[in-house]
Amino acid sequence: GMFPPVLAQFLTGGSSTPLRKKNPLAVRPIVVGEADRRTASKLGLRASRLRLVEYLSPLQVGICVPNGGEAIIHSLQYLLDHEDCDGLYLLQVDNTNAFNLVSRTAMLQEVKSHCPQLLPWMTFCYQGVSRIYTTSSYFLNSGGVHQGDPLAGVGYALVQHRLLRDGQACFEEDFPPQSSSTGFRECKDNSGDLSPHRLRLHSWYADDGSLMGTKEAVNWWIDWFESN
(Lines give C-alpha, C1' and ligand atoms only; values in the text may rest on other atoms or scores of the structure.)
Protein backbone atom coordinates (compact mmCIF):
# COMPACT_ATOMS: atom_id res chain seq x y z
CA GLY A 1 0.00 0.00 0.00
CA MET A 2 3.01 2.32 0.11
CA PHE A 3 3.67 2.26 -3.65
CA PRO A 4 3.03 5.48 -5.61
CA PRO A 5 -0.46 5.20 -7.13
CA VAL A 6 0.93 5.89 -10.60
CA LEU A 7 2.57 2.46 -10.58
CA ALA A 8 -0.74 0.65 -10.13
CA GLN A 9 -1.76 0.68 -13.80
CA PHE A 10 1.45 -1.14 -14.70
CA LEU A 11 1.72 -3.54 -11.76
CA THR A 12 -1.93 -4.55 -11.86
CA GLY A 13 -2.15 -4.96 -15.63
CA GLY A 14 -1.29 -7.95 -17.78
CA SER A 15 -1.16 -9.41 -21.25
CA SER A 16 -4.39 -10.55 -22.89
CA THR A 17 -4.79 -13.64 -25.05
CA PRO A 18 -8.13 -14.04 -26.92
CA LEU A 19 -9.49 -17.58 -27.01
CA ARG A 20 -12.30 -18.69 -29.27
CA LYS A 21 -15.67 -19.59 -27.80
CA LYS A 22 -18.32 -21.85 -29.29
CA ASN A 23 -19.90 -18.80 -30.85
CA PRO A 24 -17.53 -17.99 -33.76
CA LEU A 25 -18.22 -14.26 -33.29
CA ALA A 26 -17.25 -14.28 -29.60
CA VAL A 27 -13.89 -14.52 -27.86
CA ARG A 28 -12.87 -15.10 -24.26
CA PRO A 29 -9.94 -12.88 -23.28
CA ILE A 30 -7.53 -14.49 -20.82
CA VAL A 31 -5.30 -12.04 -18.93
CA VAL A 32 -2.03 -13.10 -17.33
CA GLY A 33 -0.97 -10.62 -14.66
CA GLU A 34 2.36 -9.67 -13.17
CA ALA A 35 4.02 -12.33 -11.02
CA ASP A 36 5.00 -9.84 -8.30
CA ARG A 37 1.43 -8.67 -7.90
CA ARG A 38 0.08 -12.23 -7.74
CA THR A 39 2.68 -13.18 -5.13
CA ALA A 40 1.79 -10.22 -2.91
CA SER A 41 -1.92 -11.02 -3.21
CA LYS A 42 -1.33 -14.67 -2.33
CA LEU A 43 0.55 -13.65 0.81
CA GLY A 44 -2.31 -11.35 1.80
CA LEU A 45 -4.84 -14.10 1.17
CA ARG A 46 -2.88 -16.54 3.31
CA ALA A 47 -2.72 -14.05 6.18
CA SER A 48 -6.48 -13.42 5.98
CA ARG A 49 -7.63 -16.99 5.47
CA LEU A 50 -9.08 -17.66 8.92
CA ARG A 51 -10.92 -14.35 9.09
CA LEU A 52 -12.46 -14.90 5.65
CA VAL A 53 -13.61 -18.44 6.38
CA GLU A 54 -15.15 -17.36 9.68
CA TYR A 55 -17.12 -14.58 8.00
CA LEU A 56 -18.09 -16.16 4.67
CA SER A 57 -18.77 -19.82 5.44
CA PRO A 58 -20.92 -21.84 5.40
CA LEU A 59 -22.79 -19.72 2.87
CA GLN A 60 -19.76 -19.13 0.64
CA VAL A 61 -17.46 -22.15 0.25
CA GLY A 62 -15.47 -20.94 -2.76
CA ILE A 63 -13.02 -18.87 -0.70
CA CYS A 64 -10.32 -20.58 1.37
CA VAL A 65 -12.45 -23.71 1.86
CA PRO A 66 -10.77 -26.89 0.57
CA ASN A 67 -13.02 -28.95 -1.71
CA GLY A 68 -15.84 -26.41 -1.35
CA GLY A 69 -17.51 -27.43 -4.61
CA GLU A 70 -17.51 -31.07 -3.59
CA ALA A 71 -19.06 -30.11 -0.24
CA ILE A 72 -22.07 -28.59 -2.01
CA ILE A 73 -22.51 -31.71 -4.12
CA HIS A 74 -22.33 -34.01 -1.09
CA SER A 75 -24.75 -31.80 0.88
CA LEU A 76 -27.27 -32.02 -1.93
CA GLN A 77 -26.79 -35.77 -2.22
CA TYR A 78 -27.31 -36.14 1.54
CA LEU A 79 -30.58 -34.24 1.35
CA LEU A 80 -31.82 -36.39 -1.53
CA ASP A 81 -30.85 -39.62 0.23
CA HIS A 82 -31.92 -38.89 3.80
CA GLU A 83 -34.69 -36.30 3.77
CA ASP A 84 -38.15 -36.04 2.32
CA CYS A 85 -37.65 -33.74 -0.67
CA ASP A 86 -41.12 -34.07 -2.14
CA GLY A 87 -42.37 -30.62 -3.04
CA LEU A 88 -38.93 -29.07 -2.94
CA TYR A 89 -37.24 -27.30 -5.83
CA LEU A 90 -33.56 -26.81 -6.62
CA LEU A 91 -32.46 -23.45 -7.97
CA GLN A 92 -29.00 -23.10 -9.48
CA VAL A 93 -27.73 -19.56 -10.03
CA ASP A 94 -24.88 -18.38 -12.24
CA ASN A 95 -24.43 -14.62 -12.09
CA THR A 96 -23.71 -13.20 -15.54
CA ASN A 97 -20.35 -11.46 -15.96
CA ALA A 98 -20.24 -11.14 -12.20
CA PHE A 99 -16.54 -10.47 -11.65
CA ASN A 100 -16.44 -7.76 -14.32
CA LEU A 101 -19.47 -5.92 -12.96
CA VAL A 102 -18.81 -5.91 -9.22
CA SER A 103 -18.53 -2.40 -7.78
CA ARG A 104 -15.00 -1.55 -6.68
CA THR A 105 -16.32 1.05 -4.24
CA ALA A 106 -18.57 -1.49 -2.55
CA MET A 107 -15.74 -4.04 -2.59
CA LEU A 108 -13.29 -1.75 -0.80
CA GLN A 109 -15.95 -0.85 1.76
CA GLU A 110 -16.49 -4.52 2.56
CA VAL A 111 -12.75 -5.15 2.72
CA LYS A 112 -12.41 -2.28 5.19
CA SER A 113 -15.18 -3.72 7.36
CA HIS A 114 -14.22 -7.39 7.34
CA CYS A 115 -10.59 -7.71 6.24
CA PRO A 116 -8.91 -4.37 7.02
CA GLN A 117 -5.40 -5.80 6.79
CA LEU A 118 -5.97 -6.19 3.05
CA LEU A 119 -7.29 -2.67 2.52
CA PRO A 120 -4.00 -0.82 1.73
CA TRP A 121 -2.97 -3.36 -0.91
CA MET A 122 -6.41 -3.73 -2.49
CA THR A 123 -6.89 0.04 -2.53
CA PHE A 124 -3.61 0.39 -4.38
CA CYS A 125 -4.63 -2.30 -6.88
CA TYR A 126 -8.20 -1.13 -7.49
CA GLN A 127 -8.29 2.62 -6.97
CA GLY A 128 -7.46 3.40 -10.60
CA VAL A 129 -7.07 1.90 -14.05
CA SER A 130 -4.86 -0.95 -15.16
CA ARG A 131 -3.25 -1.57 -18.54
CA ILE A 132 -4.28 -4.69 -20.44
CA TYR A 133 -1.86 -5.35 -23.28
CA THR A 134 -2.80 -6.92 -26.59
CA THR A 135 -0.48 -7.96 -29.41
CA SER A 136 0.01 -4.45 -30.74
CA SER A 137 -1.52 -2.06 -28.21
CA TYR A 138 -3.20 -1.83 -24.83
CA PHE A 139 -6.49 -0.71 -23.30
CA LEU A 140 -7.40 0.58 -19.85
CA ASN A 141 -9.55 -1.37 -17.44
CA SER A 142 -11.34 0.39 -14.59
CA GLY A 143 -14.22 -1.90 -13.62
CA GLY A 144 -14.70 -5.10 -11.71
CA VAL A 145 -11.90 -7.23 -10.34
CA HIS A 146 -8.76 -8.25 -12.18
CA GLN A 147 -8.60 -11.61 -13.90
CA GLY A 148 -5.86 -13.74 -12.37
CA ASP A 149 -5.73 -11.79 -9.11
CA PRO A 150 -5.75 -14.24 -6.16
CA LEU A 151 -7.81 -11.67 -4.23
CA ALA A 152 -10.39 -11.17 -6.99
CA GLY A 153 -12.63 -13.90 -5.60
CA VAL A 154 -12.34 -12.42 -2.12
CA GLY A 155 -13.41 -8.99 -3.29
CA TYR A 156 -16.37 -10.37 -5.21
CA ALA A 157 -17.44 -12.73 -2.42
CA LEU A 158 -17.44 -9.96 0.20
CA VAL A 159 -19.77 -7.81 -1.89
CA GLN A 160 -22.00 -10.76 -2.73
CA HIS A 161 -22.11 -11.85 0.91
CA ARG A 162 -23.45 -8.48 1.99
CA LEU A 163 -26.21 -8.70 -0.63
CA LEU A 164 -27.08 -12.27 0.37
CA ARG A 165 -27.28 -11.34 4.05
CA ASP A 166 -29.58 -8.46 3.16
CA GLY A 167 -31.67 -10.87 1.11
CA GLN A 168 -31.80 -13.32 3.98
CA ALA A 169 -33.06 -10.63 6.33
CA CYS A 170 -35.84 -9.72 3.87
CA PHE A 171 -36.66 -13.40 3.36
CA GLU A 172 -37.12 -13.92 7.09
CA GLU A 173 -39.46 -10.94 7.24
CA ASP A 174 -41.70 -12.61 4.67
CA PHE A 175 -41.18 -16.16 5.99
CA PRO A 176 -40.35 -15.67 9.69
CA PRO A 177 -38.68 -18.61 11.45
CA GLN A 178 -40.62 -20.02 14.36
CA SER A 179 -37.54 -20.53 16.51
CA SER A 180 -34.14 -18.91 17.04
CA SER A 181 -32.71 -20.79 14.05
CA THR A 182 -32.41 -18.97 10.74
CA GLY A 183 -32.92 -20.11 7.20
CA PHE A 184 -29.21 -19.39 6.73
CA ARG A 185 -28.41 -22.78 8.21
CA GLU A 186 -28.90 -25.93 6.31
CA CYS A 187 -31.43 -28.26 7.76
CA LYS A 188 -29.78 -30.94 9.70
CA ASP A 189 -32.28 -29.98 12.39
CA ASN A 190 -35.48 -31.85 11.55
CA SER A 191 -37.53 -30.45 14.42
CA GLY A 192 -40.88 -28.99 13.48
CA ASP A 193 -40.00 -25.59 14.94
CA LEU A 194 -38.48 -24.04 11.83
CA SER A 195 -40.43 -22.31 9.10
CA PRO A 196 -41.45 -24.83 6.43
CA HIS A 197 -40.18 -22.35 3.86
CA ARG A 198 -36.62 -22.28 5.16
CA LEU A 199 -34.04 -23.23 2.57
CA ARG A 200 -32.84 -26.79 2.93
CA LEU A 201 -29.68 -25.82 1.07
CA HIS A 202 -28.15 -22.42 0.43
CA SER A 203 -24.51 -22.52 -0.65
CA TRP A 204 -22.32 -20.61 -3.08
CA TYR A 205 -19.11 -21.40 -4.86
CA ALA A 206 -17.92 -17.96 -5.98
CA ASP A 207 -20.74 -16.69 -8.24
CA ASP A 208 -22.51 -20.07 -8.59
CA GLY A 209 -25.29 -20.71 -6.12
CA SER A 210 -27.37 -23.73 -5.15
CA LEU A 211 -30.64 -23.21 -3.27
CA MET A 212 -33.21 -25.85 -2.35
CA GLY A 213 -36.57 -25.12 -0.78
CA THR A 214 -40.29 -24.93 -1.30
CA LYS A 215 -41.74 -23.44 -4.46
CA GLU A 216 -42.65 -20.29 -2.53
CA ALA A 217 -39.12 -19.90 -1.13
CA VAL A 218 -37.40 -20.52 -4.45
CA ASN A 219 -39.71 -18.11 -6.28
CA TRP A 220 -39.03 -15.48 -3.61
CA TRP A 221 -35.28 -15.76 -4.19
CA ILE A 222 -35.70 -15.67 -7.97
CA ASP A 223 -37.62 -12.40 -7.64
CA TRP A 224 -35.02 -11.03 -5.25
CA PHE A 225 -32.10 -11.93 -7.51
CA GLU A 226 -33.80 -10.32 -10.49
CA SER A 227 -34.43 -7.08 -8.58
CA ASN A 228 -31.00 -6.84 -6.98
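Predicted model, so just to flag it, every value in this text is computed and none were measured.
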Q: What's the shortest heavy-atom distance between V102 and V145, and which atoms?
A: CG1-CG1, 3.8 Å

Q: Mind telling me whether Y55 and H114 have parallel, tilted or perpendicular rings, with 30° and 60° as the class edges?
A: parallel

Q: Parallel, tilted or perpendicular: which one describes the rings of H146 and Y126, with boundaries at 30° and 60°?
A: parallel

Q: Where the side chain of R200 meets the backbone of L79, is there a donor-acceptor pair that is under 3.5 Å apart?
A: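 Not confirmed, R200 side chain does not pair with L79 backbone.
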
Q: Using modelled atom types only, decide if a donor and an acceptor are shared between the side chain of S48 and the backbone of R51 within a distance under 3.5 Å.
A: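 Side chain of S48 to backbone of R51, a donor-acceptor pair under 3.5 Å: no, none is there.
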
Q: What's the shortest heavy-atom distance between C64 and L52, and which atoms?
A: SG-CD1, 4.3 Å

Q: Give a yes or no on whether the ring-centroid distance for H161 and W204 is below 6.0 angstrom.
A: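 Centroid separation for H161 and W204: 6.0 Å or greater.
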
Q: Looking at side-chain heavy atoms only, is the closest gap between V32 and T17 below 4.5 Å?
A: no

Q: Answer yes or no: is there a donor N or O on one side and an acceptor on the other, between the side chain of R104 and the main chain of G144, under 3.5 Å?
A: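 Here the side-chain-to-backbone pair exists.
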
Q: Can you tell me how the ring of W224 sits relative to the ring of W220, calling it parallel under 30°, perpendicular over 60° and tilted otherwise?
A: parallel

Q: Considering non-hydrogen atoms only, spot the tightest contact between L19 and I30 and give its length.
A: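 So the minimum-distance heavy-atom pair works out to CD1-CG1, 3.5 Å.
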
Q: Report whether V65 and L201 are members of the same hydrophobic cluster (ILVMFWY, side-chain heavy atoms less than 4.5 Å apart, transitive linking).
A: no

Q: Hydrophobic clusters here meaning ILVMFWY residues chained together by side-chain heavy-atom distances under 4.5 Å, can you tell me if Y156 and I72 are in one?
A: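 No; tracing contacts between hydrophobic side chains, which count when under 4.5 Å, never links both residues.
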
Q: Just verifying a value: how many Å separate E226 CD and W221 CH2, rounded to the nearest 0.5 Å?
A: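 The distance works out to 13.5 Å.
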
Q: To the nearest 0.5 Å, what is the distance between CD on Q147 and CG on N141?
A: 10.0 Å

Q: Report yes or no: does Q60 contribute a side-chain atom to a donor-acceptor pair with the main-chain N or O of A206 at less than 3.5 Å?
A: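 Yes: the side chain of Q60 pairs with the backbone of A206.
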
Q: Hey, what do you get for CG (D207) to CZ (F99), rounding to the nearest 0.5 Å?
A: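 Nearest 0.5 Å value for the CG-CZ distance: 5.0 Å.
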
Q: Are Y205 and L56 connected into the same hydrophobic cluster when the rule is that any two of I, L, V, M, F, W, Y join if their side-chain heavy atoms are below 4.5 Å apart?
A: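 Not linked; separate clusters.
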
Q: If hydrophobic clusters are built from ILVMFWY residues whose side chains come within less than 4.5 Å, do V61 and V154 share one?
A: no

Q: Would I132 end up clustered with F124 when hydrophobic side chains under 4.5 Å apart are linked, directly or stepwise?
A: no

Q: Run through L80, L199, V218 and flag the one making a side chain to side chain contact (heavy atoms under 4.5 Å, CB included) with M212.
A: L80

Q: Can you see which heavy atom on M122 is nearest to which on G155, and at what distance?
A: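 Heavy-atom minimum between the residues: CE-CA, 4.3 Å.
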
Q: So, the side chain of S113 versus the backbone of Q109: is there a donor-acceptor pair under 3.5 Å, distance only?
A: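 Yes.
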
Q: Ring of Y138, cation from R131 - is the NZ or CZ under 6.0 Å from the centre and inside 45° of the axis?
A: yes

Q: Inspect the contact between D149 and R37 and indicate whether a charged nitrogen and a carboxylate oxygen are less than 4.0 angstrom apart.
A: yes

Q: Any side-chain donor-acceptor pair under 3.5 Å between T12 and E34?
A: no

Q: Using side-chain contact (heavy atoms from CB on, under 4.5 Å), reason through V159 and S103 one step at a time and then give a plain yes or no.
A: CA-CA 8 Å; V159 175; S103 166; 5.8 Å; no

Q: Could you please spell out the steps behind the side-chain contact (heavy atoms from CB on, under 4.5 Å) verdict for L151 and L118?
A: CA-CA 9 Å; L151 291 174; L118 291 177; 4.1 Å; yes

Q: Check W121 against S41 and note the closest heavy-atom contact, atom names and distance.
A: NE1-OG, 3.1 Å

